[in-house]
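Counting starts at 1 for both ligands and their atoms, in listed order.
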Amino acid sequence: MSGVRLEPWGKDDLPLLEKLLGDAAMTEHLGGPESQEKLAERQSRYEAPGSGMFKIVDEATGEAVGSVGYWERSWQGGKVYEIGWSVLPGFQGRGIASLATAQAIAKARSEWKHRFIHAFPSVDNGPSNAICRKLGFTFLEASEFEYPKGHFMRCNDWRLDLFAGRA
Ligand SMILES: CC(C)(COP(=O)(O)OP(=O)(O)OC[C@H]1O[C@@H](n2cnc3c(N)ncnc32)[C@H](O)[C@@H]1OP(=O)(O)O)[C@@H](O)C(=O)NCCC(=O)NCCS
């Protein structure tokens, strides 16, 4: 793997979103594929400046190979960041999600806004749980999530302290 870079999500990136979140295999651990309407709504949020969503670009070829992003959410009475990632099937297993997620974490950290960033992979999502462990997240607990609405899944709560080692 030569390397990847993150680019802000663009106006022309709906086809990438369709391949990532409109696909049954890709959304196996995410409650199933989203409707065209939901994808279009998501696209409009992602392309807004400062959305925190990025496309992952293969530096060698310039190809878009996935997405990574972070957003604010309420969690156990406070505000935290949540982070999520996705890599197209043809590019999986090469360390791309790990590299891209590390870059997104560095961006979140540089904002000095929220101390904690959480990831909530399904307990069954082997690769995503491995990524959390590898990137230094601490496992807190597994709990029941409703995502999307009406669909219940058990997810692990992983947390990283963005302020650790702050001078
Ligand atoms: C999760 C996903 C992004 C991983 O992308 P990727 O680029 O293949 O991930 P990486 O290559 O960076 O790392 C995967 C890690 O998981 C490990 N892994 C792979 N399959 C595994 C399994 N079944 N059980 C445990 N670990 C596994 C790999 O060995 C690798 O760790 P290593 O680098 O220490 O060897 C990709 O599978 C995906 O997009 N899935 C569908 C969408 C999704 O589930 N998103 C996450 C929601 S939280």
Side-chain angles (χ1 to χ4, degrees), residues 1-7 9 13-36 38-39 42-43 45-46 51-76 80-108 114 116-160 162:
M1 184 65 223
S2 55
V4 291
R5 63 171 185 266
L6 304 189
E7 291 182 5
W9 200 266
D13 291 333
L14 178 60
L16 175 62
L17 198 52
E18 288 168 347
K19 283 192 246 172
L20 295 170
L21 289 176
D23 180 80
M26 284 296 294
T27 54
E28 184 192 347
H29 298 296
L30 299 167
E34 291 192 338
S35 66
Q36 202 54 47
K38 189 86 208 298
L39 289 167
R42 196 181 277 281
Q43 168 65 24
R45 272 191 285 126
Y46 281 16
S51 70
M53 288 306 306
F54 302 90
K55 69 178 159 186
I56 306 170
V57 176
D58 182 338
E59 289 206 297
T61 63
E63 264 176 297
V65 298
S67 70
V68 64
Y70 57 89
W71 54 92
E72 192 175 276
R73 73 169 286 160
S74 300
W75 184 243
Q76 296 176 339
V80 299
Y81 279 131
E82 178 175 352
I83 187 164
W85 47 79
S86 207
V87 168
L88 291 171
F91 298 89
Q92 290 175 8
R94 303 188 203 172
I96 292 180
S98 307
L99 280 174
T101 301
Q103 292 179 28
I105 290 168
K107 285 182 188 291
H114 297 300
F116 292 114
I117 189 161
H118 290 246
F120 300 102
S122 157
V123 295
D124 304 320
N125 192 334
S128 279
N129 284 293
I131 289 167
C132 292
R133 200 170 297 116
K134 203 162 84 174
L135 295 183
F137 283 73
T138 302
F139 171 73
L140 298 179
E141 60 178 350
S143 45
E144 211 68 30
F145 276 72
E146 185 179 4
Y147 182 84
K149 213 168 163 43
H151 175 268
F152 291 87
M153 56 194 269
R154 204 161 169 74
C155 296
N156 287 327
D157 178 3
W158 289 92
R159 185 178 80 176
L160 183 72
L162 296 174

- request: With Arg159 as the cation and Phe120 as the aromatic partner, state whether NZ or CZ is under 6.0 Å from the six-membered ring centre and within 45° of the axis.
  value: no
Can you produce the list of protein nitrogen or oxygen atoms under 3.5 Å from a nitrogen or oxygen of ligand 1, alongside each distance?
residue	atom	partner	partner atom	Å
ligand 1	7 (O)	Ala97	N	3.0
ligand 1	8 (O)	Gly93	N	2.7
ligand 1	11 (O)	Gly95	N	2.7
ligand 1	12 (O)	Ala97	N	3.4
ligand 1	12 (O)	Ser98	N	2.9
ligand 1	12 (O)	Ser98	OG	2.6
ligand 1	33 (O)	Lys134	NZ	2.5
ligand 1	39 (O)	Val87	N	2.8
ligand 1	39 (O)	Val87	O	3.2
ligand 1	44 (O)	Asn125	ND2	2.9
ligand 1	45 (N)	Trp85	O	2.8

- request: Give a yes-or-no answer on whether the side chains of Ser98 and Lys134 include a donor-acceptor pair shorter than 3.5 Å.
  value: yes
query: Do you see a donor-acceptor pair shorter than 3.5 Å between the side chains of Thr61 and Glu63?
result: yes
query: Okay, side chain of Asn129, backbone of Asn125: is any donor-acceptor separation there less than 3.5 Å?
result: yes
task: Would you check, one step at a time, whether the test side chain to side chain contact (heavy atoms under 4.5 Å, CB included) holds for Trp158 with Thr138?
output: CA-CA 5 Å; Trp158 289 92; Thr138 302; 5.8 Å; no
Member of Tyr81, Phe116, Phe145 meeting the ring pair (Phe, Tyr, Trp, His ring centres under 6.0 Å) criterion with Trp75: Phe145
